[in-house]
Amino acid sequence: MKKNKVLLRALLLSTSKRNTYKYSTDKKKKRNALGNLIGKVILYLLILGFGVLMCFGYGNYGIIDSVPVLCALMISALGFIFTLLKTNGYLFGFKEYDMIMSLPFEAKDVAACKFMYMYVTSLPWYLSISVAMLIGYGYFAKPSVAVYPVWLVLSLLLPLIPMVIAAFIGFIFAKISSGFRRKNIIQTVLVFILVIGAFAVRFIFEDILKNNKLQATLETISSATDDSAQIYLPAKWFSGAVTNLRISDMMLLSGISILLFAIVFYIVGRSYGRINSALRSHAAAKKGRLSFKRKSVVGTITYKEFKRMTGSTTYLTNIALGPLLAVILGLAVFFVGFDRIISMVTNNAPFDHTLLEPAIPLIAYFFIGMVASTTCSSSLEGKNYWIIQSLPIEKKKLYQGKMLFNIYLMLPAFEFSILCMCISAGVNVLDTILYMILGISLCAFSTAWGCVCGIKHIRLDWENEIEVIKQGTAVAVYLLPNMFVVMLLIAGVIFLGMIMNHALIALILILISSLLAWCSYIRVMAMARK
C-alpha cells in the first residue's frame, strides 16, 4: 500500500496545476495554472448554485425526500460517463506506460493507481453536486446533525461502483479491440454505441414529461427517481443511510464498493500488460508496397491530422462525438418531426414552433462548435514539436492544414444537420440557403477561434494526451465562453424571431460570424509569424 501511495502521489503531482503555480519559474505557466484553477472554481460554484436551486424547487413542492436518491443517481451517472470516456487514455494505451511498468509495481497495482487517479481528479465535480444537494436537503428536511458527516463520507464512496463498472466495460472494449488491426477505430465504435445507447434511454422516459405543470413534472420525476433506487441499489443504500441512519446500508455501500474494486482490478491486472502491449503495437501487412503521391503542404498536414485522430481513441471519441450527435439530431428531427421534437422538449406547452426556425443553425452548432480539433491539435504534437519546427514548412501552412482538417470533419455534419431540420420544419428555400451559409461561417469561426486558443495556450510537456484533449487550458478557454454565448444567442434569436424577418436575422448573424472568423484567422496568421 505504501508503494501504491507513492505512485498515486507522483501521478497527481505531475499534473497538479497548484504544484505548477507553486514551484514553476515560468510566468506564463504560472498564469495558465492560475487561470485553470480559477476557471474550475467558477464551474464548481455554478454546479453548486444549480444544485441548490434544484433542491429549492423540490422543497417548495414538498418532495424533498427524493433529493438523496437524486443526488446518488446524478453522481453515479456522472462518474460512469466520465470514467467511460477517460478509460482508454488513463488505464489503457497511455504514453508513460513503458516508464511506469519498468518500476517495481505489479500490473494490478498500476491499473488500480491509474483508476484512483481518475477518481481523485474527478472528486471535486462529485462533491459539488453532493454539497449542493446537502444544503438544500438540510434547509427543508431539517435532519439530525449526524446526517451531515454521513452524507459527505458516503458521497466519497458513491462514484466508486459506477466508475468501477465503467472501467470494467472499458477493459472489455480494450480486450476486444486489441485483437483487431484497427484497434482504435474498433474501440471508439464500441464506446460510441454505448454512449448513443445511453442517450436513447431518454426516449424511454418520454411519457414522464408529458404535462404542462411544473409541480406534476417534479412529482413524476420524484417518483421515477424512487423507482430507480429499487433497481440501482447503491442509490437505495445511500438514501437509507442518510435519511434513516441505517448502519446496514452504510456497510453495504462501503463493503460492496471496496469489494467490487478489488475483484475488478484483480481481473484487469491479470491481462493488463498484454492488452496495453497489443494496443501500443502496430499491425503490418504481409505484403507491403511503397508508393508516393504528390500533395500540397496543406493537404499533407490535413491528412496527417486525420491519421493522428484515427490513431487515438481518446482524440477520436472527443472530437468526432460532436459531428456524430449533430448527424443523429438531424436524422431524429427529419424522421420524428420538428414539431414533435419541440413538443417533447417543451412538455407540449403552447408554443409557435416557427419562432425556433432562426435558431436551427445555432442548435446544430451547439454540438458541432463545442469542441474544435484546432484547440488541442497543436499541443498534441508534444515533444515532437521541435521536429516540425525544423522542417522547411511555414508555420502558417501548418496551422492552415490543421484548420482545414477541422472544416473537413465538422462542416459536412453541420450542413447535413441544418438541412434535415430545415426540411422537417418546412423552412422556405431562401431561409434554408441562408441558414446553410450561416453554418459555413460559424464553422469557419469555430475553427479559427479554436486555433487561436490552441496556439495561445499550447502545452507540449504533457504525459497523457487527456491532459490537453479534455483538461487543457485551450479547450476550457474555447469551450466555456462559446457554450454560454451560444445559449444566449439561441434565446436572443428566438426573441428576435417574434419581431424581425427570419432572413434578416440570418444575414446579421452571417455578417457577425464571418467578421469574427476573419479576425480570428488574421490573428492565427499573426501568431504564426512569431
Side-chain angles (χ1 to χ4, degrees), residues 8 11-12 15-18 36-37 39-55 58 66-87 89-91 112-138 143 147-170 195 198 225 228-229 232-243 249-250 252-258 260-261 264-265 466-467 470-471 476 480:
L8 178 60
L11 291 173
L12 290 170
T15 57
S16 170
K17 295 298 180 183
R18 180 179 176 275
N36 186 278
L37 289 170
K40 285 185 176 180
V41 169
I42 292 173
L43 279 177
Y44 300 148
L45 291 175
L46 287 173
I47 294 172
L48 189 70
F50 176 76
V52 171
L53 289 175
M54 183 188 295
C55 288
Y58 273 66
S66 297
V67 166
V69 174
L70 182 65
C71 175
L73 292 175
M74 288 179 66
I75 291 175
S76 299
L78 200 64
F80 181 84
I81 293 171
F82 275 11
T83 307
L84 185 67
L85 294 177
K86 290 182 178 181
T87 294
Y90 280 129
L91 282 180
C113 284
K114 296 290 285 185
F115 174 84
M116 291 307 297
Y117 173 82
M118 282 194 290
Y119 167 76
V120 173
T121 53
S122 301
L123 205 54
W125 300 99
Y126 309 141
L127 288 179
S128 298
I129 296 172
S130 175
V131 171
M133 298 290 190
L134 179 58
I135 292 172
Y137 183 76
V147 167
Y148 294 89
V150 170
W151 183 299
L152 292 174
V153 171
L154 292 183
S155 294
L156 300 177
L157 297 173
L158 265 178
L160 274 178
I161 292 177
M163 286 182 71
V164 168
I165 293 172
F168 189 67
I169 292 173
V195 171
T225 54
S228 299
Y232 183 67
L233 294 179
K236 179 181 179 182
W237 298 333
F238 178 79
S239 178
V242 299
T243 56
D249 287 334
M250 298 179 198
L252 280 170
L253 183 58
S254 306
I256 296 298
S257 299
I258 296 170
L260 189 62
F261 174 81
V264 165
F265 281 94
I466 286 182
E467 294 171 25
K470 285 180 173 293
Q471 303 168 353
L480 294 178

Q: Applying side chain to side chain contact (heavy atoms under 4.5 Å, CB included), run through L152 and V131 and close with a yes or a no.
A: CA-CA 8 Å; L152 292 174; V131 171; 4.1 Å; yes

For [X], what residues pass the side-chain contact (heavy atoms from CB on, under 4.5 Å) criterion, not counting sequence neighbours?
X: I47; value: W125, S128, I129
X: M116; value: L8, Y119, F261
X: I165; value: F80, I161, I169, L260
X: I258; value: none

Q.
Within the 4.5 Å heavy-atom criterion, are T243 and Y137 side-chain neighbours or not?
A.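 The answer is yes; the side chains approach within 4.5 Å.
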
Q. Would you say L156 and L127 make side-chain contact, with heavy atoms under 4.5 Å?
A.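 The answer is yes, as the side chains (C-beta and beyond) meet within the 4.5 Å cut-off.
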
Q: Can you tell me which residue pairs pass the side-chain hydrogen bond (donor to acceptor under 3.5 Å, both in side chains) test with a partner in residues 154-168, sequence neighbours excluded?
A: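 side-chain hydrogen bond (donor to acceptor under 3.5 Å, both in side chains) check on residues 154-168 returns S130-S155.
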
Q. Does the T121 side chain pair with the main chain of Y117, one donor and one acceptor, at a distance under 3.5 Å?
A.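 Between the backbone of Y117 and the side chain of T121 there is a qualifying donor-acceptor contact (under 3.5 Å).
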
Q: Check the pair L154 / L157 against side chain to side chain contact (heavy atoms under 4.5 Å, CB included), numbers first and verdict last.
A: CA-CA 5 Å; L154 292 183; L157 297 173; 4.1 Å; yes

Which atoms form the tightest heavy-atom contact between [X] and [Y], and what is the distance?
X: F115; Y: L160; answer: CE2-CD2, 3.9 Å
X: D249; Y: W237; answer: CB-O, 3.3 Å
X: A241; Y: M250; answer: CB-CG, 3.6 Å
X: T83; Y: M118; answer: CG2-CE, 4.0 Å

Q | Candidates L73, I75, L158 - the one meeting side chain to side chain contact (heavy atoms under 4.5 Å, CB included) with F238 | A |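 Of the listed residues L73, I75, L158, the side chain to side chain contact (heavy atoms under 4.5 Å, CB included) partner of F238 is L158.
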
Q | Euclidean distance, Y126 OH relative to C71 SG, rounded to 0.5 Å | A |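 C71 SG to Y126 OH: 13.0 Å, rounded to 0.5 Å.
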
For residues 48-55, please give each side-chain donor-acceptor pair under 3.5 Å, one per line with the distance, not counting sequence neighbours.
none

